[in-house]
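Note sheet for the following structure.
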Amino acid sequence: MSHAVMTHFMNSGNGRCLELDFTQNGNMVSATLPTDSLRLMPGWYMLFGMVDDIPSVAQIVKIEAGQFVSATEEVPKDNTPFRVFPNPAAVGDWLTIEIDAKLAGKVGFELTDAAGKVVRAFHYNDNIDNQLFTLKTADVPTGIYWLTVRLDKKVLGTQKVFLK
């Protein structure tokens with residue numbers, strides 16, 4: 001779906017929504033973009049995944065002649081040794097992090113905004129032998145964040161977190 005707002009020009013009435021052909025292989029979905037520039041004009045779009053007519057959170061993408069450019073870079077989830085839930089979470093609620101294997105060491109978590117600023121840091125200074133951690137999101141504004149998990153200063157992985 002095209003954006004209804006462009007710099008100083010909005011609600012122009014030319015909203016463009018395209019249903020894309022796609023294939024699915026396990027958790028991976030691949031969509032085929034039209035090659036006709038009259039159907040898919042260059043510019044910024046919101047890309048939604050739909051399940052039973054319920055849209056996902058949009059991924060902002062830019063279509064340029066001959067190429068597709070994402071406005072954000074998704075971190076692959078296949079190699080991330082932890083999961084975060086609920087995601088999305090309510091502001092002021094708790095995030096639970098489940099780590100795949102038992103860890104022994106000093107565990108730390110950092111929540112950073114899109115600009116890379118750390119908005120919340122959580123550190124467990126004692127040696128931990130645990131798989132579940134809960135983090136309070138009080139006073140963190142609504143938005144999209146990156147949660148980085150560290151063990152003894154080594155990055156275990158990063159996942160996108162949505163606070164609503």
Side-chain angles (χ1 to χ4, degrees), residues 1-100 109-117 119-120 122 131-149 156-164:
M1 176 179 286
S2 64
H3 281 287
V5 178
M6 298 295 174
T7 316
H8 301 33
F9 183 69
M10 61 183 166
N11 298 327
S12 60
N14 67 351
R16 181 175 299 272
C17 181
L18 296 171
E19 290 188 24
L20 304 175
D21 292 329
F22 68 92
T23 58
Q24 182 173 354
N25 183 8
N27 291 334
M28 178 66 73
V29 175
S30 298
T32 305
L33 300 175
T35 56
D36 181 356
S37 64
L38 295 177
R39 286 196 59 218
L40 184 63
M41 292 188 266
W44 290 98
Y45 289 81
M46 296 177 289
L47 180 64
F48 295 91
M50 303 285 285
V51 176
D52 296 328
D53 294 328
I54 300 170
S56 68
V57 173
Q59 176 78 26
I60 305 298
V61 296
K62 183 179 183 183
I63 303 296
E64 293 180 350
Q67 64 179 343
F68 169 83
V69 180
S70 174
T72 59
E73 185 176 318
E74 186 69 41
V75 173
K77 294 181 182 176
D78 297 339
N79 297 328
T80 307
F82 64 92
R83 80 182 180 102
V84 181
F85 58 93
N87 192 10
V91 169
D93 204 354
W94 293 88
L95 289 173
T96 300
I97 294 92
E98 179 181 31
I99 299 176
D100 289 346
F109 304 94
E110 288 181 351
L111 199 59
T112 57
D113 63 15
K117 178 183 173 192
V119 295
R120 185 64 46 96
F122 310 87
Q131 288 179 280
L132 286 175
F133 300 87
T134 55
L135 310 175
K136 185 76 171 156
T137 60
D139 303 324
V140 178
T142 299
I144 300 172
Y145 297 91
W146 295 100
L147 178 70
T148 301
V149 177
L156 287 180
T158 303
Q159 279 192 24
K160 192 183 292 186
V161 175
F162 300 90
L163 297 180
K164 58 180 184 167

>> For Trp94 versus Pro86, what's the shortest heavy-atom pair and its separation?
In response: O-CD, 3.7 Å
> If you look at every heavy atom in Thr32 and Leu20, which pair is closest and at what distance?
Replying inline: O-CD2, 3.8 Å
Among all residues two or more places apart in sequence or in another chain, which pass the side chain to side chain contact (heavy atoms under 4.5 Å, CB included) test with [X]?
| X | value |
| --- | --- |
| Thr23 | Ser30 |
| Pro88 | Phe162, Lys164 |
| Phe122 | Phe109, Arg120, Leu135 |

> Does the side chain of Thr96 reach to within under 4.5 Å of the side chain of Leu132, using non-hydrogen atoms?
Replying inline: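 In short, these two side chains touch, coming nearer than 4.5 Å.
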> Are any non-hydrogen side-chain atoms of Val161 and Ile144 less than 4.5 angstrom apart?
Replying inline: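 Not in contact.
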Just how far is it from atom [atom1] of [X] to atom [atom2] of [Y], taken to the nearest 0.5 Å?
| X | Y | atom1 | atom2 | answer |
| --- | --- | --- | --- | --- |
| Leu156 | Ile97 | CG | CD1 | 12.0 Å |
| Tyr145 | Thr148 | OH | OG1 | 14.0 Å |
| Leu147 | Asn87 | CG | CG | 9.0 Å |
| Leu163 | Leu95 | CG | CG | 6.0 Å |

> When you look at CD of Gln24, are more than 12 heavy atoms from neighbouring residues, nucleotides or ligands closer to it than 6.0 Å?
Replying inline: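 More than 12 heavy atoms, drawn from other residues, nucleotides or ligands, come within 6.0 Å of this atom.
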>> Please enumerate all residues that pass side chain to side chain donor-acceptor pair (under 3.5 Å) together with Thr112, with sequence neighbours excluded.
In response: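 Per chain and number, Thr112 pairs via side chain to side chain donor-acceptor pair (under 3.5 Å) with no residue.
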> Backbone N or O of Phe133 within a donor-acceptor pair of the Glu98 side chain at under 3.5 Å?
Replying inline: no
